Every structure is written in structure tokens, then in C-alpha cells.
Amino acid sequence: MCALLLLPSFMSFSAERISLSGFGNFGIVYSNSDIYRFRTDISRDNDNFEDSLDLNAISSLGIQADISLHDDFDFVTQFIYRGQKKITLDNTLSLGFLRYKPAPNWELRAGRTQLDLYLLTEYRDIGFAYPWAKVPTEVYGLLPYRSLDGADFTYFLSNSGLDYRFKIFAGESSSTIALDDENVELAIDNVLGISFELSQFDWTFSLKHTQARTQNNISTMADIVAGLQLIPDVIWPDKATFIDDFSLVNKKAHFSSVGLKYDFGNITLLSEFARLRSRSSVVSAVKSGYVSATYNFDKGQFFYTFAKAKSDPSKFNDAVNIQRFLPNQVEEIILAVNESFRVFSPNQQTHSLGVRYDFKDNIAIKLQVDQSNIDAQGGALWSYQGMNTLAPKESFTTLFFSVSFTF
Amino acid sequence: MKKLIFLFILLSICSFANSAFAKSIAVIVHVENPTETLTKKQLIDLYMGRYVAFSDKQDAQPLDTFTPENLRTLFYKRLVNMPLSRVNAYWSRVRFTGRATPPEIQQSEQAVLESVANNPSAIGYVFSESLTQQNKQGIKIIMELYE
């Protein structure tokens, strides 16, 4: 943000070249489920339970300016509209960084960059960049964060026909989490990440790991903690330990992924496995992954993807040993705690089949059919009206049709 | 008779198509650029934003061109075996994540020749048959791409 504010004065006397470009995605989503509504990730709410057709869920529009300032410096800024209900500079600005690149094999960027958590996180909103109508929700749906306010350093090395790309980054981020009846902020700071890619042009192997610290409790968690503290120690001697584990304040979270992309002939294989874990019992350890095969033809691609997310959410009864009959108020708190344990705990899998047709060199139309199986209480990645602890098992079909373009 | 005419038209089209595809593409740099040759991997790195510099680590400025029609399509087909739509998809991953900017697009082969002749950092490509003694002044060929 600082880099963005300092830009005008720097630009006024030193801008050498400015180029504008952009991208967009207009999509329609149809689902035959009356219970779950599609969303790309948990930052998006979708309260459109009246209509089976959704025009907002995968639609987005972005514009970018690349400004060359000097031989070694350039500035990049990008704004994305992707259905934000309230538009602000902060929630539409996805890139705003100053780059120092004194040599072709290393660079330093400071400002707002995209958060490089998993293989596709940096470009998941850019529909033209990938064959599918949307990136696999099982892996990317649990990541609300898009940008990083901070800095990164990248080093590139080419040796014996192999390319090595190292990147380290640090900073902070914030995002909304869309719950059943409200949108709440969850900030992370002390973000420290490393990304390593080994590649030739037709294959890429990537390893990424990021740790961060969640700053605050969300929604009613503060009230739940206050309620838990009222339970007498006589009933629950281990209360303090449980409350400490439950809170999201100052808790480390870890995001790890390993990915492989391989092109041979007309076939592209892409696979990624990711793991999310936290010291807070609210965020259960989530393992997720996908395998995707794409057949490339001259004007487009056919693809099949299988994706799965598996988590093991905490349960109140596992964590405490309460020997006595509970007063009603305490039972209500227990219910609220178990409800919280389900917010970040998906259990589902999806088979996807689809086609992308490149209508022009910069315009693609896509059609995708998803068959999703959601376990009982496992629909955290979807919009659902009601208590997570009562969310039913469901199998259903979702259709995606989109037009993606760049300009 | 109609069959013979149809066969003749078909053969003419095939012959024309073959001649278009058989044209070699010359990769050119400024005459004073110390680079004498490039490997295909180095050219891929330059044109796909992976490592945008010559062998001596000097920054490079790759150029594309809109015309003649098919030159850009053939260049990328021979370079990375991809249609332009997939090249654009690749660049949308690179550009919109702020990693690199795609090659600057010139309006014509003549504009590419002039830019390369005037800029020691530039690298471009033209059909080899478009080069004449006159417009070759100030440039040199470091690689040729065939079908």
C-alpha cells in the first residue's frame, strides 16, 4: 500500500512506458442441490437459495497497469472485481508492488503481491489461465486470502538444462470469512513463506510452505470463550487448556503443498497435494489434493479432474471430561463450540469433466460438469443455511458455463 | 471433369499451405549484440518470460509482430508447439501474477527490423525470405526455425 501511495510522485518524472491489460470471466453456475450453494472459496457468501442459476459465483473482471520506471525498477498494479458486495480500494487491489530487478536472475518486490500459498493461488481468479471453469475447490476453497502486504525475493538459476526458482516472502494479510449469517474478518500476520520450483518448459515440480499467525477470533468465538470461562472449574478442571487451544488469537497456521505439472504430447497431467494445519482446534488439519488430465487440441482442451478434501474436526466430547449432568446454558455453549469446529472442516470429493474451446486467441468458452459428494457435516466449502453440525450428506451435480478472456 | 477441377484446387491449396508452413523464420538481434547463437531452450526462456537475458546476462527485449499473418502463430508453434491461445493462457499466468511482461508487439516485420537495428537489447523474428541486403543492415541472424 505504501508503494502505491508513493507511486504518483515517482511516476511523474520517471515513467518510461505504461502498458494496460486485463482479464475477465463471465460465468453461470447451475446446481441441482437445494441444500448447498457453490462458492469459489470461504471468503465468498452465496445467499441465493431461491434460484438454481448463479451469475456471480465465478464471474470476475480485472485490469492491470505495468509501469516501467527505470532500467531496474517497475511498478505493477492490478484491481479485481469478483462480486465484492462493498467495493473498497483494499478489497479490489490485488497487486500494487514496486519491483527492483538489477539482474535477470533475481528480483525484490515490495508492496502488495499475490499470496503464493499453493500452485495455483496466484492466478486462481484469472479464468483464461487454466482449462477448468474454476480451480479445484477442494484444495483452494479453504484459502480466503488472496494478497500479501509485504515483500518477496526471487532467485532464478538455470543449470544443466534445469531451471530452479526460489522465492521467499513475508508480510501480512486479511480476508473475510463468509459464515451462515455474517461475514467476519480473519487477519493473519507474521506470514513467512518459501516456494521452490524445479522445471523445464514442459514440466514443473513445486514445493511450497508458508506459516502465518491468526490474529483474532471470528464471529461468536469471543462470546463462546467468555461463556466457557463461566463454567465452574468443579465441573470442568481442564477448562483453561481447552480455551487456549480453541482460540484463534496468536495461533500459528501452516500451509504446505507439493505439485507436479507434466506435458507430454497432447496430454497435460497436473497434480497437487496440500495440507493445512493450525495450533487452534477450530482449524482442523485438512488434507486435500487433485489429479487432473487434460487433452490439448488445436482450439481447446478436454479435461477430467478428481479432487478430494479430508479433515478430522475436533469434537467437544473428545476434548473434555465432564462427569456431571450439564446445565442448559453449558449445553448451548458446547453446541456452539462444536459448530465452530465445523467452519474449517471440509469432507468431500468431486469428479469434474469439461471442455474449453478457444473461440479466439484471447477468448475461451468453457463447460464443466461436477459431481460432488459431501459427507454429513462436511460441507464447509459451500454456502449452507443452517447449523454446520446438522448439515446432511449430499450428492449432486453442478454445471459451470463461462466465457474467459484477456485484453 | 468436375472431379479433376476439384483435385486441382485441392492440390493447389495443399501446395500453398505447405509453402507457407515450410518458410523458415530468422531470429535476429542487433549487429553489435555479442550473442552469436542461441539454443532452443534459451529462445524459449527469452520468449516465455522465464529468463529474459542473453548469454552474457545482458537484459533482452523480445519483440513479437502482428503481421504478416501466420508469422507469430508459426513462430510459437515451432518454438513451444502451442497454438497462440495456449501461449496467451500461459502469459496470462505469468503477466497477471506480476512475474514478467510479454514481448512487445510490433505492427509489421519492417517495424521489427527497425527496432532491432536501433536497439542492441532487442531480439525479434521475421520470415527469412523477407530479409534483403538493404533491410539486413544493422542486424544479424542468430538462429533459424524450421517446420
Side-chain angles (χ1 to χ4, degrees), chain A residues 17 19 21-23 62 64 66 68 71-72 74 76-78 80 94-95 97 99 101 103-105 107 109 113-114 116 120-123 125-131 154 156-158 161 163 165 199-202 263 265 296-301 356-364 404 406, chain B residues 35 38-64 66 69-70 72-105 115 119-121 123:
Chain A
R17 191 167 71 93
S19 73
S21 54
F23 54 87
Q64 177 169 318
D66 294 87
S68 175
D71 285 348
D72 298 338
D74 70 322
V76 179
T77 185
Q78 182 189 89
I80 295 184
S94 55
L95 290 177
F97 65 81
R99 171 170 28 217
K101 190 170 186 176
N105 63 336
E107 66 178 36
R109 306 189 301 177
T113 56
Q114 275 141 353
D116 191 7
L120 313 175
T121 35
E122 288 183 291
Y123 56 87
D125 291 322
I126 303 158
F128 195 79
Y130 42 79
T154 302
F156 180 87
L157 174 70
S158 187
D163 295 336
R165 188 171 178 270
S199 65
Q200 288 187 324
F201 185 71
D202 53 357
D263 290 305
N296 305 298
F297 58 97
D298 191 42
K299 285 286 183 184
Q301 292 150 312
R356 166 185 171 137
Y357 182 76
D358 291 315
F359 190 63
K360 295 188 91 176
D361 291 339
N362 64 335
I363 303 173
S404 302
T406 60
Chain B
T35 306
L38 285 177
T39 63
K40 195 168 182 184
K41 180 187 180 299
Q42 286 173 314
L43 193 63
I44 290 173
D45 286 347
L46 277 165
Y47 267 89
M48 304 308 277
R50 293 164 63 82
Y51 182 78
V52 193
F54 294 107
S55 313
D56 61 355
K57 297 189 177 176
Q58 289 304 306
D59 283 339
Q61 291 175 22
L63 303 173
D64 270 336
F66 279 126
E69 202 175 342
N70 270 349
R72 196 164 156 233
T73 304
L74 280 177
F75 176 73
Y76 282 102
K77 188 74 182 168
R78 290 176 190 179
L79 187 68
V80 290
N81 195 28
M82 284 184 187
L84 273 186
S85 53
R86 279 184 68 203
V87 173
N88 287 341
Y90 169 88
W91 269 109
S92 66
R93 293 196 285 276
V94 175
R95 174 173 208 159
F96 297 125
T97 54
R99 281 193 186 188
T101 50
E104 190 179 318
I105 302 183
S115 293
N119 183 354
S121 301
I123 177 169

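From a predicted model like this one, the values you see are computed outputs, not experimental measurements. So you know, we letter chains A, B, ... as the sequences are listed, proteins then strands, and number each from 1.
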(request) Pick whichever of B/Met48, B/Lys57, B/Arg86, B/Glu104 has the most heavy-atom pairs under 4.5 Å with chain A. (result) B/Arg86
(request) Determine the option with the most heavy-atom pairs under 4.5 angstrom with chain A, choosing from B/Gly98, B/Ala53, B/Pro83. (result) B/Gly98
Roughly how far apart are [X] [atom1] and [Y] [atom2], rounded to 0.5 Å?
X        : Y        : atom1 : atom2 : result
B/Thr97  : A/Asp116 : OG1   : CG    : 8.5 Å
A/Asp358 : B/Leu84  : CG    : CG    : 10.5 Å
B/Arg50  : A/Arg165 : CZ    : CZ    : 10.0 Å
A/Thr113 : B/Arg99  : OG1   : CZ    : 12.0 Å

(request) Determine whether A/Pro104 and B/Val52 make a side-chain contact, defined as any pair of heavy atoms from C-beta on separated by less than 4.5 Å. (result) no
(message) Measuring only between side-chain heavy atoms, which start at C-beta, is A/Asp71 closer than 4.5 Å to B/Asp59?
(response) no
(request) Using a cut-off of under 4.5 Å on heavy-atom pairs, state which of A/Glu107, A/Lys299, A/Arg99 scores highest against chain B. (result) A/Arg99
(request) Name the member of A/Ser199, A/Ser158, A/Ser21, A/Ala103 that forms the most heavy-atom pairs with chain B at distances under 4.5 Å. (result) A/Ser21
At a heavy-atom separation under 4.5 Å, does [X] approach chain B through its side chain, its backbone, both, or neither?
X        : answer
A/Gln301 : side chain
A/Glu122 : both
A/Asp163 : side chain
A/Asn105 : both

(request) Give a yes or no on whether A/Phe359 atom CZ has more than 12 heavy-atom contacts from other residues, nucleotides or ligands under 6.0 Å away. (result) no
(message) Can you tell me which portion of B/Asn81 sits under 4.5 Å from chain A's heavy atoms? Options are side chain, backbone, both or neither.
(response) neither
(message) Is B/Thr101 in contact with chain A via its backbone, its side chain, both, or neither, using a 4.5 Å heavy-atom distance?
(response) side chain
(message) Check for me whether the distance between the ring centres of B/Phe96 and A/Tyr123 falls short of 6.0 Å.
(response) no
(message) Does this structure show an ion pair linking A/Asp66 with B/Arg95, if we count only N-O contacts that are shorter than 4.0 Å?
(response) yes
(request) Please report the closest heavy-atom contact between B/Ser85 and A/Phe128, naming both atoms and the distance. (result) O-CE2, 3.8 Å
